[in-house]
Visitor: 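Attaching a single structure in structure tokens format; questions to follow.
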Protein chains: 2
Amino acid sequence: MPVRSKSDETRARILSAAIDLFRRNGFAQTTMRDIAAEAGVALGGAYYYFESKDAIVLAFYDQAQQDLDPLLEQALASSKDLRKRLHALMDVKLRYFEPNRRLLGTLSAYADPEHPLSPFGERTAATRENDIRFFELALAGTKVPKDLMPHLPRMLWLYQMGIILFWIYDRSAEQRRTHALFEKSLALVVQLIRLSGIPLLRPLRRMVVDLVVTAAG
Amino acid sequence: MPVRSKSDETRARILSAAIDLFRRNGFAQTTMRDIAAEAGVALGGAYYYFESKDAIVLAFYDQAQQDLDPLLEQALASSKDLRKRLHALMDVKLRYFEPNRRLLGTLSAYADPEHPLSPFGERTAATRENDIRFFELALAGTKVPKDLMPHLPRMLWLYQMGIILFWIYDRSAEQRRTHALFEKSLALVVQLIRLSGIPLLRPLRRMVVDLVVTAAG
DNA sequence: GTCTATATGGAGATAGAC
DNA sequence: GTCTATCTCCATATAGAC
């Protein structure tokens with residue numbers, strides 16, 4: 001454990017104040033002035049540590065990834081079964097982001113890959129690829145047709161993003177609808193992966209792979 | 001054709017100036033001052049006709065719907081074949097929105113159903129339902145299992161929204177990737193609808209219907 | 001009813017003193 | 001490293017001319 005300098009301290013305090021405010025009041029409604037006040041520094045101080053409001057969100061992404069990595073590793077170790085593994089990955093993420101559902105909402109606004117905060121953009125590529133790797137690991141031990149294998153982790157990642165998006169805006173109590181939707185769709189997804197190898201479905205599988213290749217460019 | 005009063009004239013001029021600027025510079029980057037200047041009125045003039053910047057976008061939606069309705073009717077009349085009809089519907093929309101791809105981009109930002117500009121929200125419900133009705137009409141004459149029928153128009157609408165979202169951010173020349181993706185996925189979708197009736201797929205179909213019901217609440 | 005001119009209040013960001 | 005003072009820009013509001 002590195003000793004945290006006073007500077008690290010202040011930076012962390014600003015970040016945590018910001019996330020707290022984003023959570024409570026939303027991203028757009030939170031001003032840099034609010035953040036500075038909550039962290040006990042002057043406005044300029046906040047800008048000394050983060051060059052912009054966006055940069056704070058990026059720092060939040062980075063921290064989330066660092067926090068999540070070991071939890072995701074652990075989730076994968078809990079079982080060899082694909083369904084259970086995918087379920088465990090999702091559980092870890094939803095639990096982690098639960099207090100920040102609202103913040104994710106304002107961020108999901110950035111679908112444009114050219115926006116720095118977009119989950120599909122360049123600035124977040126490393127985090128994204130890191131995340132996709134966990135789906136690759138989850139598939140270890142599961143039989144998947146050769147032509148599908150290179151694409152499946154990314155497809156599962158996208159599926160996961162869809163569920164998370166649904167979850168963000170799910171107004172049902174404790175997001176029960178998302179949980180029901182996830183259980184049912186996951187069973188379907190795993191079933192389809194299992195069935196994807198049978199000869200009868202070969203033409204269908206090829207169509208899907210072709211589709212994915214087209215979409216990915 | 002009603003005679004346009006001077007007031008209607010001005011309103012239309014402001015709307016068209018706004019859309020033009022949104023298109024060229026994006027929604028967020030365009031200020032009400034820009035809009036007013038481009039339309040040749042003072043700032044207050046713009047606010048006299050539109051109570052907010054958002055209201056201008058809503059007016060754009062409304063106008064788009066009015067313009068599109070007859071074109072979509074016509075598109076449906078062009079064929080009895082489901083694939084061709086769905087293709088024709090998409091063609092009409094992409095052609096219409098082509099000059100405003102960028103504007104749609106900034107709007108797709110509003111996934112939150114509570115945001116007034118969200119395509120999933122209450123404020124846009126009438127436009128949305130109107131649009132879904134065209135998918136219902138497109139299905140007339142196509143055999144669809146009874147349990148699936150009530151949900152299929154909405155599912156197709158959602159599929160269409162996905163393609164349009166992809167199109168918005170498609171940086172390939174003339175959005176060729178989107179067009180390829182659409183051709184291929186449409187063939188798949190139509191094929192699945194055709195196959196959905198065969199007894200072997202009944203369990204799968206029931207899972208999907210169950211899924212849709214869960215998602216819709 | 002239509003529009004101009006001007007005001008308000010708040011945002012993100014920065015320069016330069018300490 | 002941190003603060004104060006200040007800048008620039010914007011959505012929106014309003015008073016009142018025509």
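Convention: sequence-line order gives letters A, B, ...; per-chain numbering from 1.
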Visitor: Are D131(A) and K93(A) within salt-bridge range, i.e. N to O under 4.0 Å?
Guide: yes
Visitor: Identify the two heavy atoms, one from R24(B) and one from R102(B), that lie closest to each other, and give their separation to 0.1 Å.
Guide: O-NH1, 3.2 Å
Visitor: Does this structure show an ion pair linking R23(A) with D20(A), if we count only N-O contacts that are shorter than 4.0 Å?
Guide: yes
Visitor: With respect to the phosphate group of dT2(D), does any side-chain polar atom (N or O) of Y47(A) fall under 4.0 Å of OP1 or OP2?
Guide: no
Visitor: Of the listed nucleotides (dC3(C), dT4(D), dT2(D)), which one gets closest to any side-chain atom of T10(B)?
Guide: dC3(C)
Visitor: Rounded to the nearest Å, what distance is computed from the CD atom of residue Q29(A) to the C1' atom of nucleotide dG10(C)?
Guide: 13 Å
Visitor: Do S185(B) and Y159(B) meet the criterion of a side-chain donor-acceptor pair at a distance under 3.5 Å?
Guide: yes
Visitor: Of the options dT6(C), dG12(C), dT2(D), whose atoms approach the side-chain atoms of L43(B) most closely?
Guide: dT6(C)
Visitor: To the nearest Å, how far apart are M32(A) CE and dA5(D) P?
Guide: 19 Å
Visitor: What does the list of N/O pairs under 3.5 Å between the protein and nucleotides 15-18 of chain C look like, with a distance for each?
Guide:
none

Visitor: Could you check which of dG12(C), dT12(D), dT2(C) has an atom nearest any side-chain atom of K53(B)?
Guide: dT12(D)
Visitor: Distance alone, cut at 3.5 Å: any donor-acceptor contact between the side chains of T178(B) and D170(B)?
Guide: yes
Visitor: May I ask you to verify if any side-chain N or O of S52(B) is less than 4.0 angstrom from the OP1 or OP2 atom of dA11(D)?
Guide: no
Visitor: Would you say Y48(B) places a side-chain N or O within less than 4.0 Å of OP1 or OP2 belonging to dT2(C)?
Guide: yes
Visitor: Given dT2(D), dC3(C), dT6(D), identify the nucleotide with an atom nearest to the side chain of R33(A).
Guide: dT6(D)
Visitor: Nearest-Å distance, CG (D34(A)) to P (dA11(C))?
Guide: 7 Å
Visitor: Any side-chain donor-acceptor pair under 3.5 Å between H87(A) and E183(A)?
Guide: yes
Visitor: Within the pair T31(B) and dC9(D), is there a side-chain N or O less than 4.0 Å away from OP1 or OP2?
Guide: no
Visitor: Ring of F27(A), cation from K53(A) - is the NZ or CZ under 6.0 Å from the centre and inside 45° of the axis?
Guide: yes
Visitor: Given axes from five pairs at either end, by how many degrees does the helix from dG1(C)-dC18(D) to dC18(C)-dG1(D) bend, rounded to 10°?
Guide: 10°
Visitor: Closer than 4.0 angstrom, basic N to acidic O: yes or no for R128(B) and E122(B)?
Guide: no
Visitor: For a quick check under 3.5 Å, do D34(B) and T31(B) share a side-chain donor-acceptor pair by atom type?
Guide: yes
